[in-house]
Amino acid sequence: MFLGVGLWACWAAVAMSLGSLQSPGPGLYPLILGVAIAVLGAVLVGASVLSQGAGGEDTVSTPRSAHARAVAAASVALVAYTALLPVLGFGPATFILLVVLLRLGKMGWGAAALVSLILAAGTLFAASLLNIPLPVGVMFPQTDV
Amino acid sequence: VSLLDNIAFGFSIVFQPANLLFAFLGVLIGTIAGVLPGIGAAASIALLLPITFGMDPTVAIIMVAGVYYGSMYGGSTTSVLINVPGEAASVVTALDGYQMARKGRAGAALGMCAFASFIAGTIGVVFLTFLAPALSKVALSFGPAEYTVLLAVGLVCASVLATGSRVKSLVMVATGLLLGVVGIDPITGNQRFTFGTIYLLDGLNLVVLVMGFFGISQVLMMIDEGAGKGGIFPASMRLRELLPTREEWRASVGPVTRGSFLGFLLGLLPGGGAVMASFMAYAVEKKISRHPERFGTGAIEGVASSEGANNAATAGAMVPLLTLGIPFNVVTGLMLAALMIHGIRPGPLLVTNHPEIFWGVIASMYVGNLMLLILNLPLVGVFVQLLKVPHRLMWPLIVLITVVGSFSVNSNSWDVFVLIASGLAGYILRKADFELAPLVLALILGPQLETSFRQALVISDGSLATFVIRPIAAGMLGFLAVVVLGVAAWRLWRPPSASPTSVTAPRDPKVSGQ
């Protein structure tokens with residue numbers, strides 16, 4: 001929750017500086033939004049500080065996840081996937097991601113590999129039929145930052 | 001006479017084989033989405049959006065609408081059988097439905113759910129048929145000032161009436177609006193929040209964001225819940241006696257009818273929708289019942305009223321979408337997105353410019369409700385089997401669908417990055433009790449809100465008074481004031497523990513939308 005509030009405050013700051021720097025035309029509306037987010041964020045911070053001050057143990061419940069490690073692993077896998085995708089191409093990268101996800105779902109190595117292979121290959125096949133261009137890999141497609 | 005012609009025209013559209021097929025697919029997917037806890041109408045429509053690219057817009061909207069009202073049928077099944085509402089709107093159904101199941105009347109409860117849904121859904125569509133064209137004419141007189149106020153009121157109401165914290169919902173609305181700003185300013189051409197990248201010039205892709213927020217974040221939520229679950233299944237149940245007894249019918253006629261009216265009305269309003277409709281209808285029935293103590297112990301009236309209300313509300317929610325082009329909840333918001341992908345802007349002119357969409361989707365709802373009745377009565381057992389599928393098998397599938405879907409939008413690897421990033425952000429927000437529905441709704445409506453806001457200011461020569469002086473705008477602001485004060489008064493007056501939400505613990509009502 002505090003992380004969320006911090007995020008808003010940060011975003012609001014970006015929005016406000018941008019709003020005041022630019023000509024009122026394009027900046028006006030984001031400025032209003034930035035102010036709104038900042039004010040609401042402040043209210044949230046205030047509310048949580050107040051409820052903490054009241055001394056209630058369960059008033060501020062830090063979000064705890066029952067399977068934090070699995071979620072963390074999945075998140076890392078997803079982020080790694082976006083990095084690997086342009087390098088390895090859709091097929092291999094997706095295969096690896098699916099194996100990881102299925103393993104997190106307590107599936108055996110063999111079964112996970114087989115299912116992932118079928119899914120990845122099937123998707124590639126379907127995509128070629130539907131003319132959806134999936135990244136082939138190594139050629140680093142469209143990373144024009 | 002002309003109305004009849006129009007309806008006949010609508011049916012001629014629906015009975016084209018392709019439309020009929022996709023209407024069926026839509027209600028089927030909707031039912032499945034409703035049965036599966038965690039996957040709601042919003043999530044499944046988000047996953048379907050890329051598929052609708054290649055479709056004819058009429059087919060696309062017919063299918064997406066089918067998912068919407070189909071999910072209302074499916075959501076009741078799990079409420080009754082295992083006390084886990086598949087949809088937020090079915091939470092109230094679980095109160096009495098599950099008790100009926102425990103008393104051995106599961107069949108009757110499921111049957112009543114299907115019948116009540118069908119009757120109320122049909123009543124709702126009848127209202128929609130008569131009201132929508134008339135409202136379209138009124139909406140023609142709306143200028144930018146009216147649209148600005150209407151959009152703002154709609155967004156504020158949607159968050160004020162939301163289930164969670166109001167402040168948090170408002171933060172989400174403002175954030176969603178801000179995300180909608182990214183890209184080139186439509187009026188002056190300035191780059192905003194692009195951080196100098198080419199990728200962000202076009203703005204963040206709506207479809208990709210929505211799939212991240214609803215798809216990827218849902219996968220993480222499911223992983224969070226653990227892999228072990230999935231095999232939950234009711235001990236034993238006989239589906240032979242799906243037909244309610246004559247007594248049960250007699251008890252239900254009133255609740256279904258009242259639920260339909262109430263549901264439709266609440267569906268019309270900003271921030272209303274199926275969830276609130278079912279709660280309200282249930283409360284009303286309990287109030288006027290001669291035996292209020294029976295509610296919560298397996299009263300069929302409770303099931304009938306809540307199921308009636310949530311289905312009628314879906315029809316009501318279609319009215320602002322089709323006549324004003326302004327969705328008031330996230331699911332109709334996604335329908336708007338599906339239409340905008342095809343360059344069609346719903347609004348007062350939809351009925352004249354695209355009668356095939358307007359009347360086609362309305363007529364499809366008659367047909368779809370009938371399909372759902374046929375689908376849900378004999379096949380309810382089949383859908384229940386879906387609960388046996390361990391949901392860890394859905395993780396890779398959802399990831400796969402969203403990744404491929406992101407590519408199909410622009411063939412750009414950056415979209416996958418945005419997809420994953422929004423998924424992770426969505427997960428963190430949901431863990432911190434921020435609802436994503438207001439965020440996505442604001443994201444969809446944001447650009448329109450800004451454009452009308454600035455147009456209105458230009459027209460009024462910079463005077464903010466334009467939003468208050470014009471009668472329709474003032475009326476809507478008055479409505480907002482009443483809602484805000486009403487909610488505040490209600491919360492003050494009512495003891496905090498009396499909330500009916502606390503009775504059941506839906507596994508995840510948040511993302512399933514309304």
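What you are looking at is a predicted structure, and each value in this text was computed from that prediction instead of being measured. Just so it is clear: chains get the letters A, B, ... in the order the sequence lines come, proteins before strands, and each one is counted from 1.
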### Task
With a 4.5 angstrom heavy-atom cut-off, could you sort out which part of V100(A) is near chain B: side chain, backbone, both or neither?
neither
### Summary
dist L151(B):CG -> Q448(B):CD (nearest 0.5 Å) comes out at 5.0 Å
## Note on the structure
Bottom line for L220(B): the part with an atom under 4.5 Å from chain A's heavy atoms is both
### Task
Find the distance between CD1 (I398(B)) and CE (M211(B)) and round it off to the nearest 0.5 Å.
12.0 Å
### Query
Got a second to check how far L179(B)'s CG is from M172(B)'s CE, nearest 0.5 Å?
9.0 Å
## Note on the structure
Assert top hit (heavy-atom pairs under 4.5 Å, partner chain A, pool V399(B), L170(B), L400(B)) equals L400(B)
### Query
Would a distance-only check, ignoring hydrogens and angles, find a side-chain to backbone donor-acceptor pair under 3.5 Å from S406(B) to L419(B)?
no
## Note on the structure
When the 4.5 angstrom heavy-atom criterion is applied to I216(B) and chain A, the contacting part is side chain
